Amino acid sequence: MGQVEFELACATLKQLKGPVSDQEKLVVYSFYKQATKGDCDIPAPPDTDVKAKAKWEAWNEKKGMTKMDAMRIYVTKVEELKKKENG
């Protein structure tokens, strides 16, 4: 598992046509951010910005996870979404 698989998964995610729940989007987003940026290093947005706050919390929960582990889980999650779409 490496950078190539990760980039392929990123491309696959963009091509998915099926509905992806907000919860699934948050999970995938949080692993993407951890894989590409590492630990969350931005201040929490205000509670009034519900979407930004949810994204921040999802990413912040991954604190301490290595970029490699996040990359691996991201690829697995995208593959699960692809399988779900293909039935």
Side-chain angles (χ1 to χ4, degrees):
M1 177 73 55
Q3 193 66 35
V4 174
E5 291 90 345
F6 179 72
E7 287 171 17
L8 283 170
C10 292
T12 299
L13 185 65
K14 290 181 182 131
Q15 293 167 354
L16 291 180
K17 291 165 186 65
V20 179
S21 74
D22 286 345
Q23 190 55 44
E24 288 169 324
K25 285 179 189 171
L26 271 178
V27 168
V28 171
Y29 167 84
S30 66
F31 286 112
Y32 176 83
K33 291 297 277 187
Q34 190 69 22
T36 57
K37 304 280 188 199
D39 287 345
C40 183
D41 59 355
I42 56 171
D47 290 341
T48 51
D49 190 343
V50 177
K51 190 174 179 181
K53 182 78 173 183
K55 289 168 83 173
W56 183 89
E57 285 176 347
W59 179 18
N60 197 46
E61 285 171 7
K62 306 298 179 273
K63 195 168 267 189
M65 178 181 285
T66 67
K67 287 183 177 187
M68 215 52 229
D69 283 347
M71 219 178 262
R72 201 172 294 121
I73 296 168
Y74 176 88
V75 170
T76 301
K77 294 288 178 195
V78 170
E79 285 171 359
E80 286 170 10
L81 291 173
K82 188 178 176 184
K83 277 184 193 148
K84 195 167 129 183
E85 179 176 280
N86 294 337

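All values reported here derive from a predicted model rather than from experimental measurement.
Pairs engaging residues 4-21 under the salt bridge (Lys or Arg N to Asp or Glu O under 4.0 Å) rule: none recorded [sequence neighbours left out]. Each ring-ring contact (aromatic ring centres under 6.0 Å, His included) pair with one or both residues in residues 39-73, not counting sequence neighbours, would appear here, but there are none. Sorted by first and then second residue, the pairs that involve residues 38-64 and meet salt bridge (Lys or Arg N to Asp or Glu O under 4.0 Å), not counting sequence neighbours, are Asp47-Lys53.
Checked against salt bridge (charged side-chain N to carboxylate O under 4.0 Å, His left out), Lys84 has the following partners two or more places apart in sequence or in another chain: Glu24. Not counting sequence neighbours, Lys37 has no partner by the salt bridge (charged side-chain N to carboxylate O under 4.0 Å, His left out) test. By the ring pair (Phe, Tyr, Trp, His ring centres under 6.0 Å) test, Tyr74 pairs with Phe6, Tyr32, sequence neighbours left out.
Separating the CE atom in Met71 from the SG atom in Cys10 is a distance of 8.5 Å, to the nearest 0.5 Å. Rounded to the nearest 0.5 Å, atoms CE (Met65) and CD1 (Ile73) are 4.0 Å apart. Put simply, CD1 on Ile42 and NZ on Lys33 are 6.5 Å apart, with the number rounded to the nearest 0.5 Å. Separating the CG atom in Asn86 from the CG atom in Leu81 is a distance of 11.0 Å, to the nearest 0.5 Å. With rounding to the nearest 0.5 angstrom, the CZ atom of Arg72 is 15.0 Å from the NZ atom of Lys67.
The backbone N or O of Ala70 lies less than 3.5 Å from no partner atom in the side chain of Gln34, so there is not a single donor-acceptor pair.
Taking every heavy atom of both residues into account, Ser30 and Ala58 meet most closely at CB-O, 3.3 Å.
Neither Tyr29 nor Leu8 shares a network with the other; the hydrophobic side chains, linked directly or stepwise wherever heavy atoms of I, L, V, M, F, W or Y lie under 4.5 Å apart, form separate groups for each. Val20 and Leu13 fall within a single hydrophobic cluster, where Ile, Leu, Val, Met, Phe, Trp and Tyr are joined by side-chain heavy atoms under 4.5 Å apart, directly or via other members.
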